[in-house]
Amino acid sequence: MATSYNHRLIEGKWNEKWEKDPVNVDDGKKEKYYCLDMFPYPSGNGLHVGHWRGYVISDVWSRYKLMQGYYLIHPMGWDAFGLPAENYAIKHGIHPSISTAENVANIKKQINEISAIYDWDREVNTTDPNYYKWTQWIFVKMFEHGLAYEKEMPINWCPSCKTGLANEEVVDGKCERCHSEVTKKNLRQWMLKITAYADRLLADLDKLDWPEKVKKMQTDWIGKSYGAEVDFKVDGMDETITVYTTRPDTLYGATFMVLAPEHALASKLATDETKAAVEKYIYDASMKSNVDRMQDKEKTGVFTGSYAINPLNGAKTPIWLSDYVLADYGTGAIMCVPAHDDRDFAFAKKFDLPIIQVIAEDGKEIPDMQEAYTEAKGTMINSGEWNGRESAELKREAPEMIEKLGYGKKTVNYKLRDWVFSRQRYWGEPIPIIHCPDCGAVAVPEDQLPVLLPDVEKYEPTGTGESPLAAIDSWVNTTCPKCGKPAKRETNTMPQWAGSSWYFLRYVDSKNDKALVDKEKADKYLPVDMYIGGVEHAVLHLLYSRFYTKFLNDIGVVDFDEPFKKLFNQGMICGRDKDTGAATKMSKSLGNIVSPDDMVRDYGCDALRLYELFIGPPELDSIWDDRGIDGVYRFLARFYTMVMNNVEKNAPETDELIKLRHKLTHVITTRLESFSLNTVISGFMEYNNKFVELTKGAGVDHETLKTMVRLIAPFAPHVGEELWECLGGEGSVFASGWPTYDEDMISDNVITIPVQINGKTKATIDIVADEAKDAVLTKGKEALADKLEGLNVIKEIYVPGKIVNIVAK
RNA sequence: GCAGAUGUGGCGGAAUGGCAGACGCGCUAGAUUCAGGUUCUAGUGAGGUAACACUCGUGUGGGUUCAACUCCCAUCAUCUGCACCA
């Protein structure tokens, strides 16, 4: 029996045994626990130590749940479609299917180094036709339910690459690849009506145990606001302009109106004198990218020459065009109240438009406003019959009042837009639609799914704005499933998010060829109890997954409507900039990548797992330090030696040792439960030092050692399993249950407390836990006798079991 | 601009309002060693002292409290998210 720690022997031995004899088995009686990692995109670059962190956290949590007696769902898979894979393929001249398979094999090998308790029988790959059959099936269902529709709309367009770009591919208004300025182009797009779920996506955030930050980001993204649409007649024209406002209480202060340049009436409102300027402004705006429009700090605009009539007081207000009004939000037109809105104020100042104050904070009008007063606090002035009313109250009531008066209606608006779902790319799921000249867009029948992604010679973007699939006539030309006449396949593909929006469902029934997931299995194993991954998907992936789940709930595939009960976002592990020493993302170009493979070779999997946790609070970013891992390695070696020495000693159990193991169990369990994983490790170190000290004397008994070994097993599984065996434990340590502690055993009878004078500690005294106040104070004063000499004691404080403080002058 | 997070030794970090700096890295000294490494022992916030004592100390400035890293107000810096959503 080796007495010094040899990570290679131990880890090799147990990796082999676990594979032959798995611990996590469904006996049909255990309750399930589903702990999920955000599945990786199989990049050609492989993993670095930063990628390990989330996987280690989820594995620790999984093994803890396993020891608590749950049957674990802890799967892994591959998000292998999408742009990165395609770009990698183009760059290296290898077909995406080949490079993806290679990368998956490589990353799988690397992930296995973690020794996480993954169930590889459940593995999914989004590029597998047996998988994307169901990705397409969901699309068909959405199409049948009117949630997938076609629309021609302006998208980002790179005139140099001659291709449409996703928002993510536009960096600072420029094409990510060629850095030329991105413009807009109308393209026919498939859209998903995620807005139909806006209210539920917002309301159900309440029932999720997610970081507040993520919930807030989703809330803001959905952006629900309450207000009113108000109709303004155009003076001298048979037209009405409807504006959306959240502040109908300020209607009397509306001194002008602004329309988005894309508004349907924009050019119609121009008069002979303004026509040229108006047309130029509309044209210029159309040439600007969204990014440009957002970055313009200085307001621009043009007067149309027309006026709108304020329905409340009949005032004539000039109608302007400006690109600070967004065409696709609200009605694309706003009423402007410069006195009470910052943007309207800036616009009024720039173009010298009148400012009428209608809310007075203190009841008085400000003679020369220098900035807008945007709060709904104060009383109404200059507002006809509304004068003297409270603004806040009026703000609530105004929408209904306006509706009753017939000037408009009460409305709700969302920032959330429908989801642009088509990509003019090769490496994605073909959208399962056939365009028939007679029947229009027809879904591919379920028994003909999947629509296989055909092989092509050239998978690079075509430059025509169509996907490379459009060039394959034999594939494109087909017959209409409805009428049998010649028809054409849809050639756009789905975005990367399509496959990742539902993969967590497939894991529980990954090989089913009859259904997306068997209903019985879904009921038994779903939803996900704990989801662990980076915060970068706070809105996109996590919002899309919630949307998909709600839809699948609505059509009866699953009977829950939220996919992830609890979410944990781990922090990033950064490298150091070689020159400045500042924390930076690990990246190839900075040359600060640390390979986990090297670390596992030199220190072992267990040491690296421990260091990934010890490095800092799991939810915060941390900086990798190569020397830091030495500390946890030394700890593991000392721990191993300590246990081994005591195996031979076989010391008797003492009250002190029993107490110590209850305390340790309490410390580790409470810290683990609160996800303070860095202090779990430091707790182990602290207790190990105590045990090493005790080993010098009588030694530590086997029961105490077994408790410590069970506690450490989720963190350092090989060491845990090995020492469990050495201590004569039965079966696997992971089947041994999680240790419990007795509340009575974790408190001490005699405790040491500080004694202070004026809040500064001057001595410590030993007291019995329930010692009377007077006795403790007397003891405290005795301990300070020399220091209290010549001082007047004003007050004596004893907080039971905590502290004595003598206030003296 | 708005919102959120963070700010503690040379470094990573720890502290239900109750002994600031646990635990670890690094460093110093000693032991072991032919030597280096490993390992072990002791020390390690700053000032101060022969050693104690004592003084200062958790981004900055105020406040509450017997007592503040912790609570309140203001302010600065860094990071992240959103960014004309009417």
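Values in this document were obtained by computation on a predicted structure and should not be read as measured data. Below, all heavy atoms of this structure are taken into account, side chains as well, without hydrogens, waters or symmetry copies. Numbers restart at 1 for each chain; the letters A, B, ... are given by sequence-line order, proteins then strands.
Per the geometry, CG belonging to A:Leu777 stands 12 Å off C1' belonging to B:C66, to the nearest Å. For the pair A:Ile803 CD1 and B:G17 P, the interatomic distance rounds to 14 Å; values are reported in whole Å. Between the CG atom of A:Leu326 and the C1' atom of B:A83 there is a distance of 11 Å, given to the nearest Å. One can place CG of A:Asp344 at 20 Å from P of B:G1, the figure rounded to the nearest angstrom. If you take CD of A:Glu375 and P of B:C2, they are 13 Å apart, rounded to a whole angstrom. Atom OH of A:Tyr640 is separated from atom P of B:U39 by 17 Å (rounded to the nearest Å). Taking atom CD of residue A:Glu298 and atom P of nucleotide B:G1, one finds them 16 Å apart after rounding to whole Å. For A:Glu619 and B:G13, the CD to P distance is 11 Å, given to the nearest whole Å.
In summary, the aromatic rings of A:Trp320 and A:Phe256 are positioned with their centroids too far apart to meet the 6.0 Å limit. Taking the ring centroids of A:Tyr5 and A:Phe639, they lie at or beyond the 6.0 Å cut-off.
Within the structure, a side-chain polar atom (N or O) of A:Lys795 is placed less than 4.0 Å from OP1 or OP2 of B:C66. A sub-4.0 Å separation between OP1 or OP2 of B:A86 and a side-chain N or O of A:Tyr324 is absent. Residue A:Lys395 has no polar side-chain atom (N or O) positioned under 4.0 Å from OP1 or OP2 of B:A86.
Below the 3.5 angstrom threshold, one finds a donor paired with an acceptor across the side chain of A:Lys299 and the base of B:C84.
For the pair A:Lys802 and A:Lys762, nearest-nucleotide mapping onto RNA chain B gives the more 5' position to A:Lys802. When the nearest nucleotides of RNA chain B are assigned to A:Pro617 and A:Thr752 by heavy-atom distance, the more 5′-ward of the two goes with A:Pro617.
Of the candidates B:A86, B:C25, B:C19, B:C19 carries the atom nearest the A:Thr764 side chain, counting heavy atoms from C-beta on.
Across all strands shown, A:Val799 has heavy atoms under 4.0 Å from base atoms, whether or not it also approaches the sugar-phosphate. Residue A:Ile797 is classed as a base contact, given a heavy-atom separation below 4.0 Å to a base. Residue contacts for A:Lys415: at a heavy-atom cut-off of 4.0 Å it reaches a base atom on one of the strands shown. Counting any heavy atom pair closer than 4.0 Å across all strands shown, A:Lys696 reaches sugar-phosphate atoms only and no base atom. Note on A:Asn805: a base of the nucleic acid sits closer than 4.0 angstrom, heavy atoms only. Residue contacts shown for A:Gln756 include a base, since a base heavy atom lies under 4.0 Å away.
For the C1' atom pair drawn from B:G13 and B:C23, the interatomic distance equals 8 Å after rounding to whole Å. Between B:C11 and B:U64, the distance separating the two P atoms is 34 Å to the nearest Å. Spacing of C1' atoms, B:U44 relative to B:G9, comes out at 10 Å, to the nearest Å. Using atom P as the reference point in both B:U70 and B:A20, the two lie 14 Å apart (nearest Å). Taking atom C1' on both nucleotides, B:U8 is separated from B:U60 by 15 Å, rounded to a whole Å. To the nearest whole angstrom, the two C1' atoms, one in B:C40 and one in B:U49, are 31 Å apart. The separation of B:U16 from B:C73, taken at their C1' atoms, amounts to 25 Å, rounded to a whole angstrom. Comparing the C1' positions of B:G24 and B:A46 gives an interatomic distance of 22 Å, to the nearest angstrom.
Within 90° of 0 lies the glycosidic angle of B:G9, which makes this nucleotide syn.
A:His7 contributes no side-chain N or O that, together with a main-chain N or O of A:Asp606, makes up a donor-acceptor pair within less than 3.5 Å. Here the side chain of A:Tyr798 pairs a donor or acceptor atom with the backbone of A:Gly801 at under 3.5 angstrom. Between the side chain of A:Arg546 and the main chain of A:Leu201, a donor-acceptor pair closer than 3.5 Å is present. Of the possible polar contacts, one joining the A:Lys649 side chain to the A:Thr695 backbone as a donor-acceptor pair under 3.5 Å is found. A donor-acceptor contact shorter than 3.5 Å is absent between the side chain of A:Asn413 and the backbone of A:Ser225.
As the counterpart of B:U55, B:A46 is assigned, both hydrogen-bonding distances of the Watson-Crick or G-U wobble pattern falling under 3.5 Å. Remark: B:A74 base-pairs with B:U60; criterion is Watson-Crick or G-U wobble with both hydrogen-bond distances under 3.5 Å. Pair check for B:A20 finds none; no Watson-Crick or G-U wobble contact set falls under 3.5 Å. Both distances falling under 3.5 Å, in either a Watson-Crick or a G-U wobble arrangement, place B:A31 opposite B:U39.
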For nucleotides 22-24 of chain B, tabulate all protein N/O to nucleotide N/O atom pairs closer than 3.5 Å, reporting atom names and distance.
{"unit_1": "B:G24", "atom_1": "OP1", "unit_2": "A:Asn689", "atom_2": "ND2", "d": "3.3"}

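In this structure, A:Lys224 places its NZ atom where more than 12 heavy-atom neighbours from other residues, nucleotides or ligands lie under 6.0 Å away. For A:Lys349, the NZ atom sits in a packed shell: over 12 heavy atoms of surrounding residues, nucleotides or ligands are nearer than 6.0 Å. Shown here is A:Lys409, whose NZ atom has no more than 12 heavy atoms of other residues, nucleotides or ligands within 6.0 Å.
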